[in-house]
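Heads up, the thing below is written out as structure tokens.
The chain is numbered in sequence order, starting from 1. Keep in mind that the numbers below use all heavy atoms, side chains included, and drop hydrogens, waters and symmetry copies.
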Amino acid sequence: MTFAASVQDRFRGMPAGFSTYWPGFAVTAAVAVAAQFLSDHYGAPAMLMALLLGIAFHFLSEEGRCVAGIDFCAKHVLRIGVALLGMRISVDLLIGLGAGTILLLISALVATIGFGLLAAKLLGRGWRLALLTSGSVAICGASAAMAIAAVLPKNEFSERNLIFTVLSVTVLSTLAMIAYPIIAQTMGLDARATGIFFGGTIHDVAQVVGAGFSVSPEAGETATLVKLIRVTMLAPVVLVYSLSLRSVPQPEGEAGKRPPLLPGFVVAFLVFAALNSFGLVPELVAAAGMETSRWALLAGIVAVGMRTSLRRVLDVGGDAVALIVAETAFIALFILVGIHYLGHA
């Protein structure tokens with residue numbers, strides 16, 4: 001008996017549900033590992049690699065044995081990754097940062113979402129895209145985009161908008177990691193102000209860490225702390241979106257599935273954050289949870305990429321690109337002005 005035949009016989013003995021999902025799950029995991037390998041050895045962002053490799057394997061999600069497993073990863077594994085982000089959050093983070101900086105971050109979040117809605121209207125784009133892009137820019141990039149997409153009413157453009165947003169914030173974060181240290185140095189920002197600038201504006205955590213520690217240890221630590229405070233805002237924003245959208249009338253032909261009042265993964269995020277705040281999560285468990293979260297998000301974004309056609313992503317249009325670039329520039333300017341008035345510059 002060949003090795004392949006032996007493996008097939010083993011899986012025939014498994015429960016029906018497992019045998020349905022394992023091919024797609026296995027190929028998604030393999031691509032996620034490949035994305036992480038490329039990131040580790042060539043310095044490219046892991047999320048970007050996962051997304052691009054996923055898009056390259058789009059054909060696997062169209063038909064065949066892998067479809068069910070890919071769909072499972074794109075929905076459930078992805079949400080597990082977002083939920084486990086709560087293990088990074090604690091009340092001590094909020095206390096350590098100071099009321100002024102926290103108020104600045106909350107103001108930047110609200111202003112960016114408001115700006116996104118206004119800019120989208122001026123550009124002739126829909127409110128779904130505005131909420132998705134502005135929320136991801138204002139909070140934590142790809143993770144926020146995936147969490148917000150879960151509560152937005154679905155239409156025929158939902159997956160295209162999600163993949164566009166994840167791709168855009170990942171690329172913009174990488175560019176910001178290079179450009180923002182130059183801006184901070186040119187403006188003469190001190191280490192703390194630099195950390196607030198990076199943590200308050202760069203979309204993804206990895207790029208925040210990279211930019212901060214490229215300047216100094218103090219800037220890196222402050223940037224990471226500020227970024228985690230932005231991650232804390234994910235659950236409240238998703239809840240507000242969910243509550244608001246339940247009462248918004250949908251145009252005929254666009255009425256999608258009603259979003260849940262409070263998605264289970266958001267509840268889990270809050271529970272993990274509360275447990276961590278009370279010191280009930282051992283360091284070893286927290287470290288394991290964050291590693292699991294990282295891999296779950298990576299596998300989830302691979303699956304989202306697999307489910308999306310590159311042709312459809314390119315159809316999103318230049319005005320959508322202008323929208324997310326404008327939102328990125330807006331939050332950067334807002335934070336810099338806030339730093340000036342807080343007296344950190």
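- Between Ser61 and Val67 the shortest heavy-atom distance is O-CG2, 3.6 Å.
- Counting heavy atoms from C-beta outward, Thr194 and Phe198 have side chains that approach closer than 4.5 Å.
- Minimum interatomic distance between Ser136 and Thr165 (heavy atoms only, all atoms of both residues): OG-CG2, 3.2 Å.
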Report task. Verify side chain to side chain contact (heavy atoms under 4.5 Å, CB included) between Leu172 and Glu327, making sure each step is shown before the conclusion. Result -> CA-CA 11 Å; Leu172 288 171; Glu327 290 164 346; over 6 Å; no
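- Side chain of Lys227 to backbone of Ile202: a donor-acceptor contact under 3.5 angstrom is found.
- Contact detail for Leu323 and Ala120: the closest heavy-atom pair is CD1-N, 3.7 Å.
- Contact detail for Val169 and Ala142: the closest heavy-atom pair is CG2-N, 3.7 Å.
- Residues Leu122 and Phe115 are members of separate hydrophobic clusters, defined by side-chain heavy-atom contacts under 4.5 angstrom among Ile, Leu, Val, Met, Phe, Trp and Tyr.
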Query raised in the report: Between Phe37 and Val33, does a side chain to side chain contact (heavy atoms under 4.5 Å, CB included) hold up when you go through it step by step?
Result: CA-CA 6 Å; Phe37 176 87; Val33 171; 5.5 Å; no
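- Atom CZ in Phe272 sits 11.0 Å away from atom CE in Met290 (nearest 0.5 Å).
- Ser293 contributes atom OG, which lies 9.5 Å from atom CZ of Phe269 (distance to the nearest 0.5 angstrom).
- The side-chain heavy atoms of Ser134 and Leu117, taken from C-beta on, include no pair separated by under 4.5 Å.
- Between the Asn276 side chain and the Met87 main chain, a donor and an acceptor come within less than 3.5 Å of each other.
- Taken together through direct or relayed side-chain contacts under 4.5 Å among Ile, Leu, Val, Met, Phe, Trp and Tyr, Ile335 and Val110 form part of one hydrophobic cluster.
- Partner Ile106 forms a side-chain contact (heavy atoms from CB on, under 4.5 Å) with one of Leu109, Ile102, Leu104 and no other, that one being Ile102.
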Report task. With side chain to side chain contact (heavy atoms under 4.5 Å, CB included) as the test, would you mind laying out the steps for Arg307 and Ile163 before giving the verdict? Result -> CA-CA 9 Å; Arg307 291 177 55 179; Ile163 205 76; over 6 Å; no
Report task. For Leu297 and Met146, run side chain to side chain contact (heavy atoms under 4.5 Å, CB included): C-alpha distance rounded to whole Å, both residues' side-chain angles, the deciding distance at 0.1 Å, then the answer. Result -> CA-CA 9 Å; Leu297 290 172; Met146 293 182 281; 4.0 Å; yes
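- Looking at every heavy atom in both residues, Ser39 comes nearest to Ala46 through OG-N, 3.5 Å.
- Taking 4.5 Å as the limit, every side-chain heavy atom of Leu132 sits out of range of all side-chain heavy atoms of Arg128.
- Heavy atoms of other residues, nucleotides or ligands lying less than 6.0 angstrom from CZ of Phe25 number 12 at most.
- Put simply, the side chain of Leu84 does not reach to within 4.5 Å of the side chain of Trp295, judged on heavy atoms.
- With values rounded to the nearest 0.5 angstrom, Gln36 atom CD is found 10.5 Å from His41 atom NE2.
- Linking Ile, Leu, Val, Met, Phe, Trp and Tyr residues whenever their side-chain heavy atoms come within less than 4.5 Å leaves Met177 and Ile331 in two separate clusters.
- For Tyr241 (side chain) and Leu131 (main-chain N/O), a donor-acceptor pair under 3.5 Å exists by modelled atom type.
- With a 4.5 Å cut-off on side-chain heavy atoms, Val302 and Leu53 do not count as touching.
- Distance CD1/Ile148 to OG/Ser242: 12.0 Å, rounded to 0.5 Å.
- No side-chain heavy atom of Met187 sits less than 4.5 Å from a side-chain heavy atom of Ile339.
- The backbone N or O of His203 lies less than 3.5 Å from a partner atom in the side chain of Ser173, making a donor-acceptor pair.
- Under the 30°/60° scheme for interplanar angles, the aromatic rings of Phe72 and Tyr21 are found to be tilted.
- The backbone N or O of Met306 sits less than 3.5 Å from a side-chain atom of His58, completing a donor-acceptor pair.
- Around the CG atom of Leu280, the shell of radius 6.0 Å holds more than 12 heavy atoms that belong to other residues, nucleotides or ligands.
- Between the CG atom in Leu225 and the CD1 atom in Ile196 there is a gap of 9.5 Å [rounded to 0.5 Å].
- One distance of note links OG of Ser143 with CZ of Arg230; it measures 11.5 Å at 0.5 Å rounding.
- Ile324 approaches Val137 most closely through the heavy-atom pair CG1-CG2, 3.9 Å.
- Side-chain contact between Leu189 and Leu336 is present, with at least one heavy-atom pair separated by less than 4.5 Å.
- Counting heavy atoms from C-beta on, the side chains of Ile301 and Thr170 never come closer than 4.5 Å.
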